[in-house]
Amino acid sequence: MLTRRNFLGAAAAGAAMLTRIPNAFAATYDLIVKGGRVIDPSLGIDAVRDVAIAAGRIAAVEPSITADATETIDARGKIVAPGLVDIHSHAARTKEGPPLCLLDGVTGWVDAGSFGADAIDQGAAIAKGGPNLGRLLVNIARTGVAPGGELMDINRADVSLARGAIARHRDVVVGVKARLSNNVAGTNDLEALRRAQEAAAPFNLPVMIHIGQSVSPMRAILALLKRGDIVTHMYAPAPNGILDDNGRVFPEVLAARRRGIVFDFGNGVADHFNWDVVERAMKQGFWPDTFSTDWNTTSRTTGVIDFPNVMSKFLMFGMPLDQVIARSTVNAARVFEAFDERGTLNVGAPADVAVLELKEGSFEFLDNYKGTRTGKQRLFPVATVVNGKKAPPRA
Ligand SMILES: [Zn+2]
C-alpha cells in the first residue's frame with residue numbers, strides 16, 4: 001500500500017541529533033522512556049529497550065541509554081509501543097475528545113463521518129486544535145451522522161457539496177465516509193456508496209464504509225470498493241455480513257482483501273459485532289487489518305472503554321501481542337497517507353509512544369449485544385507521549 005517515503009529524510013535528521021554534544025545548559029535528550037518491553041512491529045522489535053526523544057522525534061532506541069534527559073518515564077515491567085492510531089473514532093465531535101483519547105494512548109485518530117459538508121469547518125477546527133494528530137472523513141451525507149439515518153433521504157448525499165468540503169480542508173480531510181446499514185441508508189446504500197466514490201475520486205482519497213444489516217448484499221457493496229478503501233464494523237452480524245448462511249467467509253470478502261480493501265474492526269456500541277461472528281471469522285483466519293474503537297467521549301461507560309480494552313478482546317481470541325499492536329499502530333498508520341510517519345518508533349519519526357500495562361487476571365469483555373466473554377489478559381494505558389511531550393496522567 002502506501003510507502004514510507006518520508007522516512008529517509010527523517011532518519012537522517014534523527015542521526016544528526018545523535019551527534020549533538022551535551023553541554024552545561026541542556027540535557028542530551030528531552031525524554032527517555034526507560035526499561036520497557038518495546039514492541040514495535042514496524043521494526044520487528046520485541047525486546048527491553050530505552051527510547052530517547054529529542055526535538056519531538058525518536059532519537060534512539062537502544063538496550064541502554066545512559067545519556068541524561070530532562071525527563072524520564074520509568075517503563076520497567078510495562079510495554080512500550082508506538083502511539084496508537086484509531087482510524088474509526090468520533091473524537092472531533094467536541095473539543096474534549098482529542099485530549100481525552102490521548103490519555104488512552106491514542107496519538108492519532110480519524111473522525112469517521114461525524115461531520116458532513118454542512119459542519120466540516122467545525123470538525124476541522126477541533127482536529128487542528130487537538131494535541132494528537134487528528135484527521136476527518138467527510139460524511140457523504142451533508143448532515144453528517146444524524147438521528148433517523150442520514151442517508152434515508154438520498155438528496156443529502158450531495159457530491160458537489162462533499163467535494164467542496166474536501167477542497168476547503170485538503171489538509172485535514174483524508175477520505176469520505178458512507179454509513180450503509182439498514183437503519184442509516186435503507187434502500188439507498190449502493191447509490192450512497194456510488195456518490196461517496198464520486199466525491200472522493202478527483203482527490204484520489206479512500207472511502208470508508210460502515211456495514212451491517214444492509215439492504216443490499218455484501219457482494220454488491222464490495223464490488224463498488226477500490227484498493228485502499230476500508231470496511232469498518234467488519235464483524236457485523238447477519239443479514240448481509242461477511243459470513244454466509246453456513247458461517248463461512250464469503251469468497252467475495254476474501255477476494256476484496258486480496259485486492260487491497262482494508263477490513264477494520266470498529267467496536268462501537270450497537271449492532272456492529274457479536275462474539276459469534278468474531279469467533280467464526282477468527283477461526284477461518286479472517287482477522288482485522290486494523291482495530292478501531294468507534295470512540296466518542298462517552299465510551300468509558302460502554303463496551304469500548306478505551307482503545308487498549310478493544311485490543312485486549314483479540315488477545316482473548318489468541319492473537320499474539322505483537323499482532324495486536326501491529327493492528328493498532330503500523331497497520332492503521334498505513335491506511336491514510338497523513339499517518340505515514342506514525343505507528344512506528346523508527347529513529348527520526350515523530351515521538352508518539354504508548355506505554356501500556358499487560359495485566360493477568362479475569363477480565364470481562366462486551367460485544368454490541370450484551371454478550372460477555374472472559375479473557376485472562378487486559379492491556380491498560382499507563383502513559384502517552386505525543387510529538388515528544390508527555391501527556392498528563394489519566395484521571
Ligand atoms: Zn462510527
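Every number for a ligand or one of its atoms is a count from 1 in the order of the listing.
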message: So, of the N/O/S atoms that Asp294 has, which is the nearest one to the Zn ion (ligand 1)?
response: OD1

message: For a distance under 2.8 Å, tell me if His210 has an N/O/S atom near the Zn ion (ligand 1).
response: no

message: Between Arg57 and Glu341, does any NZ, NE, NH1 or NH2 come within less than 4.0 Å of an OD or OE carboxylate oxygen?
response: yes

message: Quick check for you: with the Zn ion (ligand 1) as the vertex, what angle do NE2 of His88 and NE2 of His90 span, to 10°?
response: 110°

query: Is a salt bridge present between Lys313 and Asp367, judged by a nitrogen-to-oxygen distance below 4.0 Å?
result: no

- request: Check whether NZ of the Lys or CZ of the Arg Lys376 lies under 6.0 Å from the centre of the six-membered ring of Phe363 and within 45 degrees of that ring's axis.
  value: no

task: State whether the number of non-hydrogen atoms from other residues, nucleotides or ligands found under 6.0 Å of Arg248 atom CZ is greater than 12.
output: no

